[in-house]
Number of protein chains: 2
Amino acid sequence: MGFKVIIVGAVAAGTRAAAHLKRLKPEAEVVLVDRQALVSYSGCGLPYFISGDVNDARELMNTTYMMLKDESFFERVKGVTLLTRTEALALDRKLKKIRVRSLETNEEKDLDYDQLVLATGGRPIRLEIPGADLPGVITVSNLAEAVKLREQVAAGRINRAVIIGGGPLALQMAEALSDLWGVETALIAAGNQLLSGLVGPQLAGMVRRKLDEHELREVYLGERVKRVEEGEDGLRVITSRRELETDLVMTALGVRPDSDLALAAGLELTPGGAVAVNSRFQTSDPDIYAGGDCVENVNLLTGRGVYLSSGALASRHGRIIGTNLAGAIEEHDGVSGGFLLKVFDAAVGAVGLSLSRAREEGFDAASALVTQADRDQFYPGWETMHLELIFDRTSGRVLGLAGFSPKGEALAARLNAVAAILKYQPGLRDVANLELAYAPPFGAAVDILHVAACAAENIMAGKNRVMDVDEFAALFSRRQEVAATFLDVRGRDNAEPYLARYPGDWINLPLDELRARIGELPRDRKIILICNSGVRSYEAQVILDQAGLVSTYNVQGGLGAARRWGLELV
Amino acid sequence: MGFKVIIVGAVAAGTRAAAHLKRLKPEAEVVLVDRQALVSYSGCGLPYFISGDVNDARELMNTTYMMLKDESFFERVKGVTLLTRTEALALDRKLKKIRVRSLETNEEKDLDYDQLVLATGGRPIRLEIPGADLPGVITVSNLAEAVKLREQVAAGRINRAVIIGGGPLALQMAEALSDLWGVETALIAAGNQLLSGLVGPQLAGMVRRKLDEHELREVYLGERVKRVEEGEDGLRVITSRRELETDLVMTALGVRPDSDLALAAGLELTPGGAVAVNSRFQTSDPDIYAGGDCVENVNLLTGRGVYLSSGALASRHGRIIGTNLAGAIEEHDGVSGGFLLKVFDAAVGAVGLSLSRAREEGFDAASALVTQADRDQFYPGWETMHLELIFDRTSGRVLGLAGFSPKGEALAARLNAVAAILKYQPGLRDVANLELAYAPPFGAAVDILHVAACAAENIMAGKNRVMDVDEFAALFSRRQEVAATFLDVRGRDNAEPYLARYPGDWINLPLDELRARIGELPRDRKIILICNSGVRSYEAQVILDQAGLVSTYNVQGGLGAARRWGLELV
């Protein structure tokens with residue numbers, strides 16, 4: 001008797017599980033079932049297909065060796081039967097059968113299984129508002145929908161779009177529509193910042209500023225969409241603050257697990273509605289596995305379940321499921337979480353917990369924000385990078401890292417180093433001593449990541465007392481009311497335009513003159529220390545501490561971060 | 001009574017120790033002593049100054065905020081006294097004094113210390129051959145020497161150069177002289193490959209090929225230089241195989257620890273001649289610390305001492321020494337070792353042990369070489385990367401990673417992830433499940449590093465039986481004598497030129513036809529499986545295994561790696 005495995009869902013987790021099982025146990029009979037016609041594509045690639053960066057939808061379905069992953073490929077190369085346009089209707093766990101229906105012929109049949117895999121993925125979160133069902137109000141959650149949207153855009157039928165959401169998908173879709181196709185795009189997000197919960201306000205401000213630079217200026221934060229109605233010429237979106245006329249409304253609010261089939265079959269779900277699984281991805285029925293976007297992961301930092309939608313992660317789930325189906329035991333450790341996102345000609349990303357998440361989880365969390373070149377500064381072509389290292393002030397444990405950088409690979413090089421060690425519960429010293437690959441064209445001897453760890457240690461020790469760029473901007477705008485001195489410790493040339501613009505409010509004492517001229521500073525006012533990156537201002541803080549001037553604050557990341565965040569003082 | 005610290009050597013370790021100590025303990029009196037006039041520079045930047053990528057030598061001495069680190073800087077910003085052109089002559093450990101001499105005035109004096117730091121660095125390894133002392137036979141081991149060389153080159157006085165060495169420094173110097181200045185440069189190395197001991201022959205071949213492409217064709221491997229003599233017009237280098245006329249001979253054989261001062265003072269040295277230190281960098285005299293290029297490190301993978309010359313590492317030593325001088329305890333874990341190197345428009349690098357080193361250390365080591373795009377292949381602009389993952393076949397422990405990639409940052413992103421975890425003794429599954437930062441423009445959902453770990457697991461399991469590209473090249477060149485079938489499993493278009501060129505010797509059965517046409521294959525011959533990357537050929541191997549054809553070998557890294565290595569079959 002053969003060993004029969006049915007896998008429901010043929011995108012990332014399902015196809016990887018099928019292929020891996022067949023490699024380990026070639027005699028297994030494996031059937032993949034999916035209701036879509038186009039399967040086994042890169043979900044993360046959809047925005048790049050819509051933007052036109054990727055020409056042909058089929059490129060998203062290719063293997064690395066450029067074979068199209070269609071029915072024939074699965075049959076001939078993998079020895080796996082793929083049934084597309086086939087809906088899984090119901091499970092009979094007692095008889096170990098699954099009922100499926102062909103969407104072509106409407107024919108129904110039962111498939112027997114020895115073991116079953118649910119890789120049913122996620123389904124886009126829809127807004128529960130009046131008008132959500134109008135034509136022109138869409139989500140893009142699979143390749144077929146992306147193909148349809150791109151056809152409309154390419155035909156010039158979409159001139160204006162409203163995207164609802166402030167997360168990575170919403171940003172990608174906004175860039176895709178506006179950058180190449182010139183669609184006038186507005187972004188509406190309920191949160192008070194972009195990428196809420198993923199990065200802090202400083203890095204989020206840099207992203208917003210980047211959208212600005214690329215003419216994507218209609219970004220409405222902290223607004224709720226109340227309803228969508230038919231307008232005179234297209235659709236009308238009514239938010240808590242405004243009305244927008246548009247041709248298209250795209251909700252890009254992320255996904256939630258699609259666990260209908262599991263629920264109907266009586267399998268356990270998590271409180272969040274995902275299919276409950278153990279570390280081997282077995283559901284409450286040990287002959288049924290589930291993985292990918294229909295399950296939760298264990299967060300390695302908090303020990304709690306966390307829902308993450310990611311093709312890369314789903315694929316790793318699939319491989320582990322394949323191993324377990326083949327009879328070996330492999331467990332999934334859990335995830336520390338993270339994302340990476342191209343934003344026009346820059347990149348933003350994070351691993352682990354953001355500062356706000358870390359605080360919600362009960363950590364005594366703080367963060368160090370640093371600004372530095374992405375390589376040795378004597379080497380031509382360097383770009384300024386910003387990293388925010390999130391840590392627990394009590395224990396010194398590293399909780400996460402976020403960054404903004406013109407070069408995505410350079411940011412990935414730092415994120416990967418921290419992502420790799422988070423499961424080992426590293427302390428700040430582990431990061432300060434990381435052996436990062438170093439050559440002057442690609443890194444710095446004292447790398448920005450090392451500097452971030454050292455800055456965090458100094459914050460922990462109370463020696464680096466910091467102020468964030470947004471706090472600094474707010475304080476400076478109220479400078480007439482507050483008893484604070486704004487002390488620029490850069491060289492005279494750097495400071496000159498600020499001195500001219502803010503006479504009396506902006507003071508300059510270059511770092512190399514500070515020890516000698518300390519007597520010139522007021523002893524009864526708060527001193528805000530400013531330089532380009534936060535390094536010189538920290539050096540100044542150490543010098544002032546020695547002289548007993550301790551009511552000082554170092555603007556973290558310096559004017560370099562402040563400018564990228566959107567503060568234009570001169 | 002003040003706390004006095006004398007630090008001998010003011011490049012990376014010494015200056016970082018001084019600055020860190022002063023931040024932690026501002027009242028400490030710190031004196032830096034160095035025999036050079038130009039100090040606190042990036043040693044790793046010297047080749048880029050010689051090449052002209054860096055215009056002004058002083059750029060190598062700047063802080064990240066562009067202040068020149070000279071005597072005045074150390075005095076005014078760091079509160080540290082820097083004595084340049086000052087030689088440390090002898091230590092009196094009983095009286096805690098150090099005798100120094102000014103190279104300007106020849107004046108000698110004694111400096112008292114409470115604690116002392118030896119950061120005396122390394123000194124270049126010189127060839128012990130006749131003629132090594134001739135004018136024109138040089139090393140470049142400090143900024144002053146680099147300035148002198150660049151002046152000569154820029155003045156057009158050097159038209160031909162011979163560089164002795166095959167390691168990173170030799171390659172950098174060869175690129176520096178040949179690329180911008182057009183110096184006819186020959187490289188002579190005693191080893192049988194470039195970067196011997198650092199990477200395997202496959203990646204070393206890719207580097208050599210890259211030199212070739214950039215007209216650096218005079219690369220003589222496996223040759224020893226026997227002597228240098230004065231020629232008719234310049235110098236003559238006589239090796240075991242040839243004579244070369246040249247204007248300049250540069251030995252770039254790396255450095256050995258400069259421990260003369262420590263030895264004379266009766267401090268313990270290691271068998272390799274480095275200053276012996278504990279994990280806090282204390283020497284056998286607890287009031288004397290040593291760090292940077294004059295000490296060894298503990299290799300985390302072998303537990304044994306290893307000598308590495310690196311400014312980045314020296315700087316981390318310095319920070320830890322500073323902490324200990326200030327009275328806190330911080331220990332250094334040791335290193336896993338590694339390097340990263342730009343080679344014209346590509347990069348090569350490694351972390352941990354190479355395959356040959358791992359075998360020398362007694363590991364049952366093997367390696368998986370994979371070829372894949374550095375990002376999702378549907379995203380424009382991808383480049384082909386090669387990674388070699390070194391592991392222990394018995395335990396599955398990961399021992400090292402090496403790679404070759406057109407994009408240095410993309411290589412660093414993979415190296416850093418593995419470098420970060422080596423101290424935690426990761427297994428292959430830890431690498432297969434790494435949460436690498438992923439976005440289609442900067443990585444792949446199933447990243448090349450994940451693929452390398454999976455390939456290694458398959459090698460361990462005996463399912464992926466591999467042949468290296470150099471073995472393949474040798475075997476194919478003897479194809480008339482060996483009973484082997486060379487089976488190309490790519491599509492017909494890819495295979496066509498090979499079929500035309502090698503009729504009868506080269507067979508093509510595309511992967512998607514293999515299951516159906518398995519009967520066409522001979523059952524009595526070794527089958528060498530070939531595709532572009534090693535992925536399809538592995539899939540083919542699995543299919544053939546099922547059919548009982550098990551005498552098959554998968555060419556690791558595929559023709560993609562073979563071509564980069566230098567095999568041009570069509």
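By the 4.0 Å N-to-carboxylate-O rule, B:Glu175 lies close enough to B:Lys342 to be salt-bridged with it.
The candidate from B:Val431, B:Asp430, B:Ile320 with the greatest count of non-hydrogen atom pairs under 4.5 Å with chain A is B:Asp430. Options B:Cys44, B:Ala347, B:Ala410 differ in how many heavy-atom pairs under 4.5 Å they form with chain A, and the most are formed by B:Cys44. Here B:Ala312 is the residue among B:Gly491, B:Ala312, B:Ser42, B:Pro510 with the most heavy-atom pairs under 4.5 Å with chain A. Options A:Phe339, A:Phe73, A:Tyr65 differ in how many heavy-atom pairs under 4.5 Å they form with chain B, and the most are formed by A:Tyr65. Heavy-atom pairs under 4.5 Å with chain B were tallied for A:Arg23, A:Lys22, A:Glu59, A:Gln372; the largest tally goes to A:Arg23. When each of A:Met67, A:Lys78, A:Arg375, A:Glu27 is scored by its heavy-atom pairs under 4.5 Å with chain B, the top score falls to A:Lys78. Ranked by heavy-atom pairs shorter than 4.5 Å toward chain B, the options A:Gly337, A:Ser72, A:Pro47 are led by A:Gly337. For the set A:Leu434, A:Leu415, A:Val418, A:Leu411, the entry with the most heavy-atom pairs within less than 4.5 Å of chain B is A:Leu434. Of the listed residues (B:Asn532, B:Leu514, B:Asn458, B:Val335), the greatest number of heavy-atom pairs within a distance under 4.5 Å of chain A belongs to B:Val335. Of the residues considered (A:Glu513, A:Lys423, A:Arg414), A:Lys423 shows the highest number of contacts with chain B, using heavy-atom pairs under 4.5 Å.
For chain B, the nearby part of A:Ile543 is the side chain; its heavy atoms alone come within less than 4.5 Å. For B:Asp333, the part lying under 4.5 angstrom from a heavy atom of chain A is the side chain only. Using a 4.5 Å cut-off between heavy atoms, A:Val446 touches chain B through its side chain atoms alone. With a 4.5 Å cut-off on non-hydrogen atoms, A:Cys531 does not touch chain B at all. For chain B, the nearby part of A:His450 is the side chain; its heavy atoms alone come within less than 4.5 Å. Looking at A:Ser315, only its side chain comes within 4.5 Å of chain B, counting heavy atoms on both sides. With a 4.5 angstrom heavy-atom cutoff, B:Ala432 touches chain A via backbone and side-chain atoms both. For A:Leu313, no part lies near chain B; criterion is any non-hydrogen pair under 4.5 Å. Using a 4.5 Å cut-off between heavy atoms, A:Arg490 does not touch chain B at all. Neither the backbone nor the side chain of A:Asp374 comes within contact range of chain B; no heavy atoms are under 4.5 Å apart. With a threshold of 4.5 angstrom between heavy atoms, A:Gln541 does not approach chain B through any atom at all. For chain B, no part of A:Asn62 is nearby; none of its heavy atoms comes within less than 4.5 Å. Contact annotation for B:Tyr538: only side-chain heavy atoms (C-beta onward) come within less than 4.5 Å of a heavy atom of chain A. Both the backbone and the side chain of A:Glu330 have a heavy atom closer than 4.5 Å to some heavy atom of chain B. Contact annotation for A:Lys463: only side-chain heavy atoms (C-beta onward) come within less than 4.5 Å of a heavy atom of chain B. Contact annotation for A:Ala516: neither backbone nor side-chain heavy atoms come within less than 4.5 Å of a heavy atom of chain B. Neither the backbone nor the side chain of A:Val351 comes within contact range of chain B; no heavy atoms are under 4.5 Å apart. No part of B:Leu422 comes within reach of chain A, as not one of its non-hydrogen atoms sits under 4.5 angstrom from that chain.
No donor-acceptor distance shorter than 3.5 angstrom exists from the side chain of B:Arg316 to the backbone of B:Gly311, with no hydrogens or angles considered. The main-chain N or O of A:Arg319 is found under 3.5 Å from a side-chain atom of A:Thr323 such that the two form a donor-acceptor pair. Looking at B:Asp376, its side chain never comes within 3.5 Å of a backbone N or O of B:Phe378 through a donor-acceptor pair. Here the side chain of B:Arg536 pairs no donor or acceptor atom with the backbone of B:Leu511 at under 3.5 angstrom. Between the B:Asn433 side chain and the B:Arg429 main chain, a donor and an acceptor come within less than 3.5 Å of each other. B:Ser405 places no side-chain N or O within 3.5 Å of a backbone atom of B:Gly408 that could act as its donor or acceptor partner. The backbone N or O of B:Ala373 lies less than 3.5 Å from no partner atom in the side chain of B:Trp382, so there is not a single donor-acceptor pair. When atom types are taken as modelled, the side chain of B:Asn416 and the backbone of A:Ala437 share a donor-acceptor pair closer than 3.5 angstrom.
No hydrogens or angles considered: a donor-acceptor pair under 3.5 Å links the side chains of B:Ser336 and A:Glu435. Defined by atom type and a distance below 3.5 Å, a donor-acceptor pair is present between the side-chain atoms of B:His317 and B:Asn297.
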| said: Test side-chain contact (heavy atoms from CB on, under 4.5 Å) on B:Val535 and A:Thr63; report intermediate values, then the result. | reply: CA-CA 10 Å; B:Val535 172; A:Thr63 65; over 6 Å; no
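Residues A:Thr64 and B:Gln377 come closest through the heavy atom pair O-OE1, 2.7 Å. Closest of all the heavy-atom pairs between A:Pro426 and A:Ile421 is CD-O, 3.3 Å.
Note: B:Tyr424 and A:Tyr424 have parallel aromatic rings, judged against thresholds of 30 and 60 degrees for the angle between ring planes.
Taking the six-membered ring for Trp, B:Tyr48 and A:Tyr379 have ring centres closer than 6.0 Å.
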